Each structure stands twice: as structure tokens, then as C-alpha cells.
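First up is the structure itself, then whatever we jot down about it.
Proteins get letters first, then strands, A, B, ... in listed order; numbering begins at 1 in each. Both backbone and side-chain heavy atoms feed into the values below; hydrogens, waters and symmetry mates do not. Keep in mind it's a predicted model, so treat the numbers as computed, not measured.
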Amino acid sequence: MTEASNTTFGVALALYLVAMVGYLHHFAYRRPTPLTLARVVAYLALASHTVSVVLRGVAAGRVPWGNMYEYASVVGLAVVALYLVVAERRVEARRLGGFVLGATVLIMAASTMVYVEPGPLIPALNSGWLRIHVLAAILASALFTLGFVFTLLYLIQERRERRVERAVAERPAPAMASVGSGLPHDLEVESDPEEGRATVTLGPEQGNGHGGMPEGPTRRGRLPGAAALDDLAAKAITFAFPIWTFAVIAGAIWAEQAWGRYWGWDPKEVWSFVTWVLFAGYLHARATQGWRGRRAAVLAVLGFAALAFNLTVVNLVVSGLHSYAGV
Amino acid sequence: MATGTFSRGMLSVWRSLRSMRTALILLLLLGLGSVVGSLVPQAPNSPARVAELFAERPLLARIYDALGFFDVYGSWWFTLLYVLLLISLAACLIPRTRGLIRGLGSRWQPARDLEALRHYASGSVEGSPEEAVGRARRALRRRGWGVRSGGETALAAEKGLAREVGSLAFHWAFFLLLLGVVYGKGFGFTGQATVIEGDVFTEAHASYDFPPREGRFFGERHQGFQVRVLDFEVAYREGGLPRDFVSRVEVVEEGEVIRADEIRVNDPLEHLGVKLYQSGYGWAPVVEVRHEGELLVSDPLVFVTDDPNDPVRPWRGAIKLPGISPQVGLELQLLPDAAAFVAGMPMLEADDPFLAYRAYRGDLRLTEAQSVFRLEKELLEEYESGGLALGETVELPGGLEVTFRDVRQYTQLLVKRDPGIGLMLATALLVLVGLVPALYSSRRRIWVRAVPEDGGTRLEIGGFALQRKAAFDEEFDRLVRDLVPRGRVRVP
């Protein structure tokens, strides 16, 4: 059973890599076939991954999220599932599958470094709250991971757009026809039917920049507009925040039952509080003039950093009551 | 003059406390402070590591100490941030709540200039203006809008009030949550009790292992009931991992057994608002020591282990006999299961236990603070060592007779009273309940005005959304199609 779980895990990881390449090809060249193939492979990988997680649960005789390896594996599963099922309903998100799967592959590869054989839990973990508290934490972590990927891409795209805006502002705007030669060589301007307005973006280094734009597909390697990326990130994080809040509250209720206090500033608690505070800051910043955009995005990145720190460093290095959840 | 400056200063402090941004910054600072607490060893939890830091890096340790980093959550600055956050939150929320309540009671002013709103459309409908507005009112109510009349021929409607209500509920709940922590700590206590099987623990200040941590307003309200530990048991899985820890107890009040119960991990016992949690366990051998026939020691002795997760390790304890001359100390090690120990297996049950001893004589140095589980050996010399099986007696030089009489287990209970628990649970639920509409619903308003025209009525509709503006584009279009089935005019 354990072996089958590990095999399907490996298959899923390999297929995620293949799908990632397909998505990246689509991102670079905007051809529809690689996208279709990538999506099919991603769904197959997801199926294999699901089988792996289920078998793991059967082998251990409990929910399959009782240690760090299992936790990370299920977070990876949730990232992909949420991306494929929820995020991809937005057309512009389909260009981003390569980045999402890249994050998943990283999470899964890292999880193999803390692999342990399936086994029973220590008494303190043996509670119905394990199902609910950890599952909520997993879901929220997966959504925060999606939000993080979108936020990073947003920051890249926002910077590009600002540079272009500056470039445009410095020169008197030329007519559309001559834009190609009027801007720095790696910039392009085009109208985007998806967003219904003209956007200015940075293209990849194309040709050698001798005069006008080279022939060929002009929409290569294009990220969706910064506004769309910001919106995607905000959707993911707004979705995650109440779930994270619930996970923290469920954890507090469980801690009261198991350890006799709902909050004890245990390192795990501290960092989940910090994560909560940073994302609360993000949500407020987005509603505040002068803070939305880049500043808010920085808070989201910090929030994700706190989340990742909590899963890795706090589990493996800092000692606390959650230490047994380590490996 | 000075008071003027002072009050102006206070006023500006108050003003900045009233801004949500200040509350957020205070919250972020609180988070930052707690990060310090998670990275620097905390004296209340791990005094040994604090002492280590003082020994290894005295300068850094002194700086940390001066900044309160060794007890962040009890430091003056953490408390200050906490209090300021509470004040700031209240200062933000009171005006917002007042605004909401006032808004609920008042009639809305129909907007004067509908065309200036973000969304505007107009079109012709049948019937008189009054009829048209009546139809519009019914249609809007059907769609869940809160409608208010602005006379016979105009109305205003709002949807998504849940956002503001939810947001306020969330923020007030968070405020009460922060307050509940203080309340529970202030009126509660936490203590630890080590009780050997067969013994009775009384819920009173003096019977805890260390003085219990009592809240400032706790008073002396210990309940005085008694808990008799009948039996402690660890259930193991195959392979020696513990599956469950159970203390079987009786609650005794004024000599009468009130109830019998079990205390397990994840399943505490609650009595008179006091909760008892299973938090530890260990072995307690019964050793009798006689000196020239006189019984000096006969109670069970609590033994400890250096690593509770290592079931192969012997348990250790000490007996100190300051009353004889020269003073004698016995350093003891208990193997609950000698055969398992020899085989390198975990010692799970008391099965053929073995007690190893080393006898020392000299000066125990009892005038200095020391652990009851250890001897201070500087002025002691070892003069005898050996081991005892259960029931065996050994005679040591100097007229000492040591008998290994029995092995029992002890249970360690965390005893706690927190009267804030109910409040905490309620506010935590309110946090969640408020959060969902606060994040997912959006406030939007529309105004409808009917103007008579040839053969019918011209309906003008304007509106805007405060959040999710893109989604409102579609909703507004659908609404207009509903209210004005034909002849729509859109003004961009």
C-alpha cells in the first residue's frame, strides 16, 4: 500500500513536470494544442496524486495529513486542484499554469526530503480536530500559494507596465503604427481583446533590436495585465483568509482541549498569527487609497513568507508544542 | 501653556488612534513582537535556555533582558501595544457603528443628479409615474434590495448592507476576543499537580507542584474539591508507541465521592469550572529506608526521566538523609522492566523492576537550592553501589537498610480555570460569521426616478457599487432590463 502510494506520488510529480512544460510552451508561444495537452496531463497527474494521498491514508489507517510529508503533499494536491477547477475558469489564468505547477513541483520535491513511513499518531494528535484544523490549514495554504504565485507575477508585470508608462511619458506618444520603433527595443504595445483595452507590455528579447519589431507572433511570453493578475491574487487570498481564520480558531479550540489553553504563544501559533495579521493587512491595504497595488502585494508576499517559515523552519528548527508535527 | 501643549499632544495621539491605519500598524507591531517571542527563548517556558544564553553570550543576553525579550508576552511594551490596539480599535469602531445605526434609521435623499453616477440608464415604460415606481419597487424587493421611497415618483434602494454589518461584527468580535484573553487570564489560574496512584489531590493553592499562576483578580477562589487518582495507565500500540494516557479518578467533595471519571489527552475533566488535563506521567518507586531500625523514608518517590520520548532510558531520583551523621544521599535509577532494558527494548510496563543505587556520604549541601531529583556531589563521596529487585533489602555500611517495596505510577495534571472560555468561543464564532459577508458581499445603491412623458413614463435609473465594481456592471444591466423592458438609453 505504501509502495503504491509512493509510486503514484512519483508518477504525479513526473506528470506535473510534463504539464508544466506544456503550460510554459503555451505561455511562450500561445499555441492552443500544448495548452490542451498540458491540461489533460495535469488532470491525469492530479488523479494519480489523489490516489497516492488516499492510499497513504489507507496505509496509515487515519487521515493522510499527520506529518510534514503528508501535509506538503496534500497542499500540493490542493494547489493543483484549486487551480484547475477554480482558477482556470478565468481564461487569463490558463496562461499561468506553468508557474502554478512549478510551485507545486517545488512543494512536492521538498516534501520528499521529510519523507517518513506511514504510521500512527501520538495521543495528543489523535482527535477529530486533526481532520478539521489541519484540513482547513491545508486548504488555506494552497490558496495562499496560488495567491503568492499570482502576486509575484503581478509584481513583475506591474513593474513592466510602469516602465512602459514612463517610457511613453518621456516621449511624445507616437501613432500606433510606429510604436514598435518608438519604444525601447524590448517593449511592445498592443490592444488586448480579453481586457478590452490597449495595454502596454514588455515582450521578450526579440531578435537583435535592429529597428522595428521582428516578424512572428507578437504575443509571446505575455503575462495577463497587472490589473487582472492583481485581481486573481486578491480572489485567491480573499478566499483563503476566512479559511485560515477558521483553521487558527479550530486550532485554538483543539489546543484548549489538548493542552489546557487556547493560546500559548507557541511558535506555531505565533507564526500563524503573524500570517493572519499580514494577510489582514493586505486586505485592508487593498481597500485603502495609496496602499493598493504594489504595497499591498508586498504584504501578501510577506504573508506567504510567514506561512512558509511556519511550515519549514518552525517545524524543523524551532522547538515548541507542535514539534512532533515536524517530520 | 504647558497644559495646552500637553492637551494638543493628547488630542493628536487620540486622532491617530482613531484611524484604522494606526490599528493595523499596532496589530503588525504586535505580530512583530510575537515573532521576537518565538525566536528568543522565553523565561516562563524555557528558563534553562535563557540561562544558557546568559552564560554563553552575556552581553546579548543582558540587552535582550533589558528589552524584555525573555518574556515578550509579559513585557511592558507588549502590554502597551495590546492596550493601544484595544483603544484604537474601539476608537475606529464606535463612530462606524454609530454611522451604520444612524443610516438605518434615516430616510434616503434621492440623488439629484442621476446622470453623474457611474451607472445610468433611462427608458420609456407604460403607465403613470406612480405606477412605474410601484412596479420598480416590487421588482427591486423581489431581488432583495432594501427600498426606500423618495416621494411618489422616486425611490432609492440599497443592497449589500451585510458587508458593513459583517465587517463591524467581525471587528467588534476581534476586539472582544482580545479583551477576553485578558479577562480569562485575570480571573483564572493555571497550576500543575503531580499525583501518585492512590493519592488524593486537593484543589488548593498550596497543593500544586509550584505556586500556581493566578490571575490578578483571581482572589483565592480555589474550589477545594479533591481528586483521588485510582490508577494511571498508558496504552501502547504494537512497537511501543503510546496510544493513550488515562488517569482514572474520583472527584471527592467533603469526603463524599461525587463522580468517577477518566482524564485522557484531548479529554479533560471539568469540575466546578476547573479543568484537569492529562499532561504527563512517570514512575514512583516505594523505597523504605531504615537507620538502626528507625523508619526514615517510606513514601513513594517521584522519579523523572531526561527524555520522556525515550522509553529505553532509566528513570532517576534521589533520597537525601540529612538527619544522620555523616549525611547520606542515595542516587537511584529505576528500570521498570529490567529484561526489556537489557534487550534494549522500551520499558512499557512494570515487569520485574530493578532499582540501582549509588550511596554517597558527606555533606549534602542542603543549605543551597537544589533539585530534589539530584545530589550535589561536590562534598560527597561514593561508598557503595548495587541494585535491588522488587522486595529485596540491602544493608549498607553505617546501619542503613534499604528496601525496594513497590512500584507505582504517578500522573501529572494541568489544572486550569479560565472563565473567559465561553466569551472566547462566542467571539471567535462571531469573527467567522462576520468575516464572510464582510469579504464577499458588496454595497451598491441605485436610485429610480419617474418623469411623465407622452403616452407613458420615462424611468431614469442611476447607481454605483462601492466594491466589486466590475460585477456590478452586469448586475446593473440586468436590473435595467428588468425595470425597463424596452427603449433603453445608456449614457456612458
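Residue B/Leu276: no heavy atom, backbone or side chain, is found under 4.5 Å from chain A. For B/Arg243, the part lying under 4.5 angstrom from a heavy atom of chain A is the backbone only. Residue B/Leu39 touches chain A through its side chain alone, counting heavy-atom pairs closer than 4.5 Å. Contact of B/Leu414 with chain A is made through the side chain alone, with heavy-atom distances under 4.5 Å. Contacts of B/Leu24 with chain A are made by side-chain atoms alone, with heavy-atom separations under 4.5 Å and no backbone atom involved. Only the side chain of B/Arg21 comes within contact range of chain A, with heavy atoms under 4.5 Å apart. Heavy atoms of B/Ser279 lying under 4.5 Å from chain A are absent altogether.
Using cut-offs of 30° and 60° on the angle between ring planes, the pair A/Trp276 and B/Phe174 is tilted. Aromatic ring orientation, A/Trp265 versus B/Phe78: perpendicular (interplanar angle above 60°, classes split at 30° and 60°).
Of all the listed residues (A/Trp263, A/Trp129, A/Phe273), the one sharing the greatest number of non-hydrogen pairs under 4.5 Å with chain B is A/Phe273. The candidate with the highest count of non-hydrogen atom pairs below 4.5 Å against chain B, out of A/Asp231, A/Ile249, A/Thr275, A/Val248, is A/Ile249. Taking chain A as the reference chain and counting heavy-atom pairs below 4.5 Å, the highest number among B/Leu32, B/Asp267, B/Val265 is found for B/Val265. Of the listed residues (A/Leu283, A/Ile253, A/Leu121), the greatest number of heavy-atom pairs within a distance under 4.5 Å of chain B belongs to A/Leu121. Options B/Met424, B/Gln42, B/Arg237, B/Lys275 differ in how many heavy-atom pairs under 4.5 Å they form with chain A, and the most are formed by B/Arg237.
Residues A/Leu125 and B/Asn266 have side chains not in contact (no heavy-atom distance under 4.5 Å, counting atoms from C-beta outward). Between A/Glu256 and B/Ile421, some side-chain heavy-atom pair lies under the 4.5 Å cut-off.
Contact between B/Ser38 and A/Trp271 at its shortest, heavy atoms only, is OG-NE1, 2.8 Å.
A 6.0 Å sphere centred on CZ of B/Arg248 holds more than 12 heavy atoms belonging to other residues, nucleotides or ligands. Residue B/Phe175 qualifies as enclosed at atom CZ: its count of foreign heavy atoms under 6.0 Å is above 12. In this structure, B/Arg468 places its CZ atom where more than 12 heavy-atom neighbours from other residues, nucleotides or ligands lie under 6.0 Å away.
In this structure, the separation between CG on A/Asn126 and CG on B/Asp244 is 7.5 Å, given to the nearest 0.5 Å.
The stretch residues 425-440 of chain B places B/Leu425, B/Ala428, B/Val431, B/Leu432, B/Leu435, B/Leu439, B/Tyr440 near chain A, each with some heavy atom under 4.5 Å from a heavy atom of that chain.
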